[in-house]
Amino acid sequence: MSAADGTAPAPQAEVLSIATPINLILFSAFTFLVYLQLRSKPPATLPKAPPAVVFRTFTPKTLLPFNGENNQPVYLAVRGRVFDVSPGRNFYGPGGPYENFAGRDASRGLAHQSFDREMLTEDLSGPLDDLKDLDADQLENLQGWEERFLEKYLVVGRLVAEGDPEAPKS
């Protein structure tokens, strides 16, 4: 009721303010998100690619340094193909169970399932091992290893004897 005339007071219009605390928080969050989207970003960097591998011709002497020592890649040859077995460095590199084959022709040892040094060609200047004396089981072993290497590792070259016309010049 009104004081003078006995009528009820007229309702007063509420003043709406956009400056409420929740609106200020929402506006600040929106502004921050727009800033994050529009700010300059550092350029994306790609990981460094491994060095390119060039298919080469090796002799037993030029293959020998690729035994994994001094941060060299680990290569080994099987039936004239040179494989980069560096991803399997823990097996074929220094201290690995097959380290005797690193930088060498591993064909005879793989065929015989023997990882002894006696399976390696000692005369690096002589002809390559022709493997003619291997029996059917040994040839099958060698074939299995060769297929495994072809599935897992890159062929980076081929092995030829010293004095071969395609042999690299020293």
Side-chain angles (χ1 to χ4, degrees), residues 29 32-170:
F32 181 70
L33 290 173
V34 169
Y35 165 76
L36 289 178
Q37 290 298 315
L38 297 178
R39 72 177 176 178
S40 63
K41 296 173 179 78
T45 57
L46 296 174
K48 186 177 178 183
V53 176
V54 178
F55 190 87
R56 321 177 14 189
T57 302
F58 293 90
T59 64
K61 286 182 182 177
T62 61
L63 182 61
L64 195 57
F66 294 95
N67 59 7
E69 294 178 359
N70 302 320
N71 280 338
Q72 286 288 337
V74 184
Y75 294 171
L76 63 81
V78 179
R79 276 204 247 201
R81 287 189 185 133
V82 178
F83 293 91
D84 180 356
V85 296
S86 298
R89 180 179 294 274
N90 53 336
F91 292 106
Y92 303 102
Y98 310 118
E99 72 179 330
N100 290 346
F101 294 153
R104 305 294 293 262
D105 181 2
S107 302
R108 181 164 294 276
L110 294 172
H112 283 274
Q113 297 289 336
S114 173
F115 309 110
D116 298 330
R117 281 190 106 29
E118 296 83 48
M119 292 290 128
L120 301 174
T121 305
E122 292 298 321
D123 182 12
L124 299 181
S125 298
L128 296 180
D129 189 347
D130 61 13
L131 307 171
K132 288 183 180 177
D133 61 333
L134 297 180
D135 63 30
D137 288 339
Q138 292 165 338
L139 286 171
E140 188 177 328
N141 283 339
L142 183 56
Q143 181 69 32
W145 277 101
E146 191 172 18
E147 289 170 3
R148 205 166 306 134
F149 283 125
L150 285 169
E151 289 172 6
K152 290 180 75 171
Y153 302 114
L154 290 175
V155 176
V156 295
R158 61 191 205 109
L159 185 65
V160 298
E162 289 287 333
D164 187 287
E166 294 184 38
K169 306 296 180 240
S170 298

Does the pair Val156 and Tyr75 meet the rule for a side-chain contact (heavy atoms from CB on, under 4.5 Å), with working shown?
CA-CA 8 Å; Val156 295; Tyr75 294 171; 3.8 Å; yes
Salt bridge (charged side-chain N to carboxylate O under 4.0 Å, His left out) involving Asp84 - partner list, sequence neighbours excluded
none
According to salt bridge (charged side-chain N to carboxylate O under 4.0 Å, His left out), who are the partners of Glu166, at least two apart in sequence or on a separate chain?
Arg158
Could you list the residues that satisfy side-chain contact (heavy atoms from CB on, under 4.5 Å) with Arg89, not counting sequence neighbours?
Val74, Ser86
Among all residues two or more places apart in sequence or in another chain, which pass the side-chain contact (heavy atoms from CB on, under 4.5 Å) test with Val54?
none
Residues passing the side-chain hydrogen bond (donor to acceptor under 3.5 Å, both in side chains) test with Ser114, sequence neighbours excluded, are Asp116
Considering non-hydrogen atoms only, spot the tightest contact between Ala111 and Asn141 and give its length.
O-ND2, 3.2 Å
Which heavy atom of Val160 sits nearest to which heavy atom of Pro60, and what is that distance?
O-CD, 3.4 Å
CG of Asp105 to OG1 of Thr59, rounded to nearest 0.5 Å, is 12.0 Å
With rounding to the nearest 0.5 angstrom, report the CG to CD distance, Asn67 to Gln72.
8.0 Å
Name every donor-acceptor pair, under 3.5 Å, that has one atom in a side chain of residues 146-154 and the other anywhere in the protein, sequence neighbours excluded.
unit_1	atom_1	unit_2	atom_2	d
Glu146	OE1	Arg79	NE	3.1
Glu146	OE1	Arg79	NH2	3.4
Glu146	OE2	Arg81	NH1	3.2
Glu147	OE2	Gln143	NE2	3.0

Per-pair distances, 0.1 Å, donor-acceptor, side chain in residues 125-137, under 3.5 Å, sequence neighbours excluded:
unit_1	atom_1	unit_2	atom_2	d
Ser125	OG	Lys61	NZ	2.9
Asp129	OD1	Arg108	NH2	3.0
Asp129	OD1	Leu131	N	3.0
Asp129	OD2	Arg108	NE	2.5
Asp129	OD2	Arg108	NH2	3.2
Asp130	OD1	Lys132	N	3.2
Asp133	OD1	Arg108	NH1	3.3
Asp133	OD1	Arg108	NH2	2.7
Asp133	OD2	Arg108	NH1	3.4
Asp135	OD1	Asp137	N	3.1
Asp135	OD1	Gln138	N	2.8

Heavy-atom side-chain contact between Leu76 and Tyr92 under 4.5 Å:
yes
Please output the side-chain donor-acceptor pairs of residues 93-104 that fall under 3.5 Å, not counting sequence neighbours, one pair per line with the distance.
unit_1	atom_1	unit_2	atom_2	d
Glu99	OE1	Gly95	N	2.9
Asn100	ND2	Phe115	O	2.8
Arg104	NH2	Thr121	O	2.4

Pairs satisfying side-chain hydrogen bond (donor to acceptor under 3.5 Å, both in side chains), at least one member in residues 32-47, at least two apart:
none
